[in-house]
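Here is how names work: the chains are called A, B, and so on, in the same order as the sequence lines, proteins then strands, and each is numbered from 1. Side-chain atoms are counted along with the backbone in the values below, which use heavy atoms only and exclude waters and symmetry mates.
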2 protein chains.
Amino acid sequence: MHELLSLNVRQKISLSTQEEELLKTFFIPKKLRKKQFLLQEGEVCQYAAFVEKGLLRSYTVDKKGNEHILQFAMEGWWISDLFSFYSGEPSVYMIEAMEDAELLLIKKDRYEDLLQAIPSMERYFRLLLQNNLIATQRRLNDKLSLPAEELYLKLIDTCDSIPQRVPQHMIASFLGITRETLSRIRKQLSSSHKK
Amino acid sequence: MHELLSLNVRQKISLSTQEEELLKTFFIPKKLRKKQFLLQEGEVCQYAAFVEKGLLRSYTVDKKGNEHILQFAMEGWWISDLFSFYSGEPSVYMIEAMEDAELLLIKKDRYEDLLQAIPSMERYFRLLLQNNLIATQRRLNDKLSLPAEELYLKLIDTCDSIPQRVPQHMIASFLGITRETLSRIRKQLSSSHKK
DNA sequence: CGCGGGTTTGATGATGCTCAAGCCCGGTGG
DNA sequence: CCACCGGGCTTGAGCATCATCAAACCCGCG
């Protein structure tokens with residue numbers, strides 16, 4: 001059950017065999033069925049979750065009822081609401097399973113314990129956050145500078161696994177456009193491509 | 001010269017007096033005059049910079065020549081192109097001083113040395129990245145879900161120091177709208193506010 | 001005085017949104 | 001086996017928001 005996590009950690013730092021065993025003891029396995037929630041708006045985010053299997057998303061809902069997807073998380077990814085997790089404030093995000101999922105959860109105090117017990121995990125999480133920040137900055141910059149069509153093109157050629165598993169209207173929501181607009185863009189692309 | 005940095009570090013972790021002295025030895029002081037660049041598009045980003053004084057911005061320039069501001073950095077903030085700094089790839093960002101500035105620079109290999117020499121700095125940078133990620137995610141989510149006017153309102157009541165020091169057209173560029181649109185929004189706000 | 005940087009204003013147009021309807025397809029139950 | 005339903009995708013018409021382009025204005029400064 002913890003294979004992916006170990007692998008993921010060992011890609012960034014090196015651990016002794018004992019440490020690797022110790023690591024596992026900090027996590028709680030949890031299964032989620034499609035459409036179940038790990039976190040709902042207004043709750044305090046208790047866990048950081050590592051995805052062993054399945055696909056989740058985090059999103060907000062605005063006053064008009066529209067959803068805006070902040071993140072997808074598939075096998076080998078982490079998902080949480082960092083702010084709520086850290087501060088203990090209620091969250092504004094929903095985290096939902098888009099497919100049946102198997103997660104490894106860690107609570108905040110256990111997370112702190114883990115960093116004490118295996119100091120090199122500090123480095124692991126730093127690298128994780130760093131990569132995440134780079135990706136988020138890039139996405140923000142794209143959203144600031146590119147029109148809808150180019151956002152879509154950029155998504156499909158940087159990350160082809162997402163479009164495979166995610167329905168169109170959620171891709172639209174991830175890009176910050178409507179499903180209708182995305183549909184039209186795709187139509188136009190496929191027709192201009194054929195000629 | 002290193003007061004702000006020490007202060008900033010001590011807010012997140014505790015250091016012995018020796019460590020604090022040691023810390024300083026890793027940084028190169030550097031002054032920049034208004035409109036000078038720390039980094040230009042196409043260069044590899046050699047430094048992470050801590051701002052002791054002044055105000056900088058990082059931005060990209062798109063094909064049409066429009067600028068898109070990713071970040072402002074004032075006293076007590078860090079600025080860099082993380083991706084280029086880490087990977088050694090050429091950067092797509094410009095980093096420019098908007099006011100005369102005093103910086104503390106650290107090179108990549110020295111940065112690695114620092115983490116070796118003072119392991120608790122790993123934690124400092126982790127917390128830094130975490131806060132930065134939270135802020136960037138929030139900004140992205142706002143950009144995905146809010147219209148121009150609300151973006152502006154949100155900016156002025158969360159961060160009043162920016163509008164003080166930054167010309168309007170750069171605020172517009174930070175929000176991802178045009179100067180003209182921002183000007184009209186402000187006009188409309190001030191008139192509706194008076195009544 | 002004239003220049004440059006920043007802001008404002010107006011006219012026009014494009015991009016993307018809203019609302020409403022229809023379609024496709026796989027699953028379910030009579 | 002067929003009818004029906006729901007989820008997701010598409011299409012069209014009209015509209016709102018925001019961008020573009022061009023010009024004028026304001027003001028501090030050499």
### Message
Just to verify, what does A:Glu112 make a side-chain contact (heavy atoms from CB on, under 4.5 Å) with, not counting sequence neighbours?
### Response
A:Tyr86, A:Lys108, A:Leu115, B:Arg123
### Query
Does A:Lys143 use its side chain to pair, donor to acceptor, with the backbone of A:Gly176 at less than 3.5 Å?
yes
### Query
Less than 4.5 Å apart, any side-chain heavy atom of B:Met170 and any of B:Pro167?
yes
### Query
Do you see a donor-acceptor pair shorter than 3.5 Å between the side chains of B:Asp62 and A:Ser145?
no
### Query
So, the side chain of B:Glu41 versus the backbone of B:Ser91: is there a donor-acceptor pair under 3.5 Å, distance only?
no
### Message
Taking the six-membered ring for Trp, are A:Phe27 and A:Phe50 closer than 6.0 Å centroid to centroid?
### Response
no
### Message
Quick check on salt bridge (charged side-chain N to carboxylate O under 4.0 Å, His left out): which of B:Lys35, B:Arg57, B:Arg33, B:Arg165 does B:Glu99 satisfy it with?
### Response
B:Arg165
### Message
For a quick test of reading the model: is some side-chain N or O of A:His169 closer than 4.0 Å to OP1 or OP2 of D:dG7?
### Response
no
### Message
Distance under 4.0 Å to a non-hydrogen atom of chain A counts as contact; along DNA chain C, which nucleotides mark the start and end?
### Response
C:dG16 to C:dA20
### Query
Just wondering, do A:Glu52 and A:Glu3 contact through their side chains at under 4.5 Å, heavy atoms?
yes
Can you check nucleotides 11-19 of chain D for protein contacts, nitrogen or oxygen pairs under 3.5 Å, and list what you find?
residue: D:dG12; atom: N7; partner: A:Arg184; partner atom: NH1; Å: 2.8
residue: D:dG12; atom: O6; partner: A:Arg184; partner atom: NH2; Å: 3.3
residue: D:dC18; atom: OP1; partner: B:Ala148; partner atom: N; Å: 2.9
residue: D:dA19; atom: OP2; partner: B:Thr178; partner atom: N; Å: 3.3
residue: D:dA19; atom: OP2; partner: B:Thr178; partner atom: OG1; Å: 3.2
residue: D:dA19; atom: OP2; partner: B:Thr181; partner atom: OG1; Å: 2.6

### Value in whole Å for how far the C1' atom of D:dT10 lies from CD1 of A:Ile171
16 Å
